[in-house]
Amino acid sequence: ARPNPGYGGFGYCIEDDLGVEIKYGVGFPANPEDFHCTSNEAEYLGLIAGLKAAYRECGIRRLQVCGDSELVIRQMTGEYAVH
């Protein structure tokens, strides 16, 4: 989101074991009139959209998640508490 909070969007990329892209997607927050969100919200939206696409559209049942948001990744791994 720029500025934070501000206008934002998200994206994800699903790759196979060799690093070949098999699916990607982009999107915006639920409110299409202003696309307003925080950076953390955008990161989570991308994670959730990617997980849904991997499961529903690609039939993937097990995957490794990579990301550039320290907060999101550490919350996923349990290193940071989620309240």
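Between L71 atom CG and E79 atom CD the span is 11.5 Å, to the nearest 0.5 Å.
Counting non-hydrogen atoms of other residues, nucleotides and ligands closer than 6.0 Å to CZ of R2 gives a total of 12 or fewer.
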Output side-chain donor-acceptor pairs under 3.5 Å for residues 4-16, partner residues at least two apart or in another chain, one line each.
unit_1	atom_1	unit_2	atom_2	d
N4	OD1	S39	N	2.9
D16	OD1	L18	N	2.9
D16	OD1	G19	N	3.1
D16	OD1	V20	N	2.9

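V72 is connected to L51 through a chain of hydrophobic side-chain contacts under 4.5 Å among Ile, Leu, Val, Met, Phe, Trp and Tyr, so both are in one cluster.
Taking the side chain as every heavy atom from C-beta outward, V65 and L63 approach each other to under 4.5 Å. Side-chain contact between E43 and T38: absent, with no pair of heavy atoms (C-beta onward) separated by less than 4.5 Å.
The minimum heavy-atom distance linking I73 with G67 is given by the pair CD1-N, 3.7 Å. Residue H83 comes nearest to A81 through the heavy atom pair NE2-CB, 3.6 Å, listed as atom of the first residue, atom of the second, then distance.
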